[in-house]
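Structure record follows, encoded as structure tokens.
This structure is a prediction, so every number in the text was calculated from the model and none was measured.
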Amino acid sequence: MRKTTNAKRSDTSLYDGFAMVIKVERPTAAQRPNTRADIVFCIDATTSMKPCFEALVANLDTFIASLQTEASVDIRLRLVGFRDLHDPTCEYGWDIHEFTENVAQFRSQLSKLEAKCGQKSRGAESSLDALFFAIHSDWRKSKTHRTIILITDDDAYDKLHASLYNRPDNGVERVIQDIQEMRHSMLFMVCPRFAIYRRIADSMVSADRKIAAVWVSNKDGETYQELANLNWASLLKMLGQSISKTSITVT
């Protein structure tokens, strides 16, 4: 079932499930304004996520094309493949790349991302750490729309790892505040319906910030099946169109 929850203003919405807005008439190439967008993909790179990597690679062209529907967008892409910083049994680090304007290079980075580090004790990932890390990326300073895309199949630790932020205010509210202080930004999440992600999404709506979320089940077994059944082509097309449209509002 498709469901859309609107926030206070028309330019802010919470996409719940596969909700999307489709305009019938698109501007021609000559009519599209020139804009800029920096996009960070934060992808859970643990063992169970391999099908998601493959889906992203298979539908990357759809995403790139949809970014040009409302504006002629000068894009930069960044990949952050995160694994568990908090679990000492996970011996693998993160796959971190800087922004690139080269789509082929980004595709290569995504194709080479390895799903590994199946923890002995499941239950949470470093999703909050990944968001914090992405927020503090080397964004272009002016006239640039900023998007963070978080994709994970597990819950998140409720504290930031000390290697990233070693102060008392190291919980989800720290991350929420930093997201809300980002100008001209959007957060997009594909994740299970755990409380910490709902808290982030609800805070963005309450603060009149742009947020889109696709929720999957948080029950073992159902999470992986629902992720596998997502229509990634439609999802990425919707996201690209949203970024293209909102990039026009950046001044």
S185 side-chain N/O to T147 backbone N/O, donor-acceptor pair under 3.5 Å: no
Partner set under side chain to side chain donor-acceptor pair (under 3.5 Å) for T223, not counting sequence neighbours: none
Polar contact flag, side-chain donor to acceptor under 3.5 angstrom, D87-T89: yes
Test side-chain contact (heavy atoms from CB on, under 4.5 Å) applied to V40 and I149, step by step: CA-CA 6 Å; V40 181; I149 301 169; over 6 Å; no
Working for side-chain contact (heavy atoms from CB on, under 4.5 Å), residues L60 and L236: CA-CA 8 Å; L60 183 61; L236 290 170; over 6 Å; no
Pairs touching residues 155-170 that satisfy salt bridge (charged side-chain N to carboxylate O under 4.0 Å, His left out), sequence neighbours left out: D169-R174
Side-chain heavy atoms of L56 within contact of I151, under 4.5 Å: yes
Contacts of type side-chain contact (heavy atoms from CB on, under 4.5 Å), residue A156, not counting sequence neighbours: S127, I196, Y197
Side-chain donor-acceptor pair present, E173, Q177, cut-off under 3.5 Å: no
N166: partners by side chain to side chain donor-acceptor pair (under 3.5 Å), with sequence neighbours left out: none
Under the salt bridge (Lys or Arg N to Asp or Glu O under 4.0 Å) test, residues paired with E226 that sit two or more places apart: none
Side-chain donor or acceptor of W215 paired with backbone N/O of C191 under 3.5 Å: no
Nearest heavy-atom neighbours spanning L85 and S163: CD1-OG, 4.2 Å
Pairs flagged by ring pair (Phe, Tyr, Trp, His ring centres under 6.0 Å) wherever residues 43-66 is involved - sequence neighbours left out: F41-F63
Same apolar cluster: L235 and I64, side chain cutoff 4.5 Å: yes
Full working for side-chain contact (heavy atoms from CB on, under 4.5 Å) between V80 and W94: CA-CA 7 Å; V80 176; W94 289 15; 4.0 Å; yes
CZ-CD1 distance between R146 and I243, expressed to the nearest 0.5 angstrom: 14.0 Å
Single-linkage hydrophobic cluster Y92~L164, side-chain heavy atoms < 4.5 angstrom: no
Value rounded to 0.5 Å, distance of OG1 in T251 from NZ in K143: 8.0 Å
Taking every non-hydrogen atom, the tightest pair across I248 and P33: CG1-CG, 3.9 Å
Sequence-distant partners of E222, side chain to side chain donor-acceptor pair (under 3.5 Å), two or more places apart: S217
Pairs meeting criterion ring pair (Phe, Tyr, Trp, His ring centres under 6.0 Å) with involvement of residues 71-91, two or more places apart: H86-Y157, H86-H161
Separation of Y224 OH from K219 NZ (nearest 0.5 Å): 15.0 Å
From CD1 (I75) to CZ (F99), nearest 0.5 Å: 11.5 Å
ILVMFWY network linking F194 to L187, side-chain heavy atoms under 4.5 angstrom: yes
Please set out all donor-acceptor pairs under 3.5 angstrom arising from side-chain atoms of residues 131-140, sequence neighbours excluded.
residue: H136; atom: NE2; partner: D178; partner atom: OD2; Å: 3.0
residue: S137; atom: OG; partner: R78; partner atom: NH1; Å: 2.7
residue: S137; atom: OG; partner: A134; partner atom: O; Å: 2.7
residue: W139; atom: NE1; partner: I135; partner atom: O; Å: 2.8
residue: R140; atom: NE; partner: D38; partner atom: OD1; Å: 3.0
residue: R140; atom: NH1; partner: D74; partner atom: OD2; Å: 3.0
residue: R140; atom: NH2; partner: A37; partner atom: O; Å: 3.3
residue: R140; atom: NH2; partner: D38; partner atom: OD1; Å: 2.8
residue: R140; atom: NH2; partner: D74; partner atom: O; Å: 3.0

Under 3.5 Å: donor-acceptor pair, side chain of N170, backbone of Y165: no
Check: N102 main-chain N/O paired with T100 side-chain donor or acceptor under 3.5 Å: yes
Rounded distance (nearest 0.5 Å) linking atom CD of Q105 with atom CG of L79: 11.0 Å
Student check: side-chain heavy atoms of C52 and M49 closer than 4.5 Å: yes
Where at least one partner belongs to residues 53-68, residue pairs that pass side-chain hydrogen bond (donor to acceptor under 3.5 Å, both in side chains), sequence neighbours excluded: D61-R107
Among D95, D129, D44, the one residue meeting side-chain hydrogen bond (donor to acceptor under 3.5 Å, both in side chains) with R83: D95
Residue pair H97, L77: steps toward the side-chain contact (heavy atoms from CB on, under 4.5 Å) verdict: CA-CA 9 Å; H97 301 273; L77 303 168; over 6 Å; no
H145-T246 side chain donor-acceptor pair, cut-off 3.5 Å: yes
Separation between CG of D154 and OG1 of T46, rounded to the nearest 0.5 Å: 7.0 Å
Heavy-atom donor-acceptor pair, R36 side chain to S142 backbone, under 3.5 Å: yes
Smallest separation among heavy atoms of L160 and L128, with atom names: CD2-O, 3.6 Å
Partners meeting side chain to side chain donor-acceptor pair (under 3.5 Å) with E114 (sequence neighbours left out): none
Donor-acceptor under 3.5 Å (S72 side chain, N34 main chain): no
Shortest non-hydrogen separation from A45 to L113 and the atoms involved: CB-CD1, 4.1 Å
Least distance between heavy atoms, A115 atom then T47 atom: CB-O, 3.6 Å
Closest heavy-atom pair and its distance - L67, V73: O-CG2, 3.0 Å
Those residues that, when tested against Q180, pass side-chain contact (heavy atoms from CB on, under 4.5 Å) (two or more places apart): I176, S203, M204, A207, R209
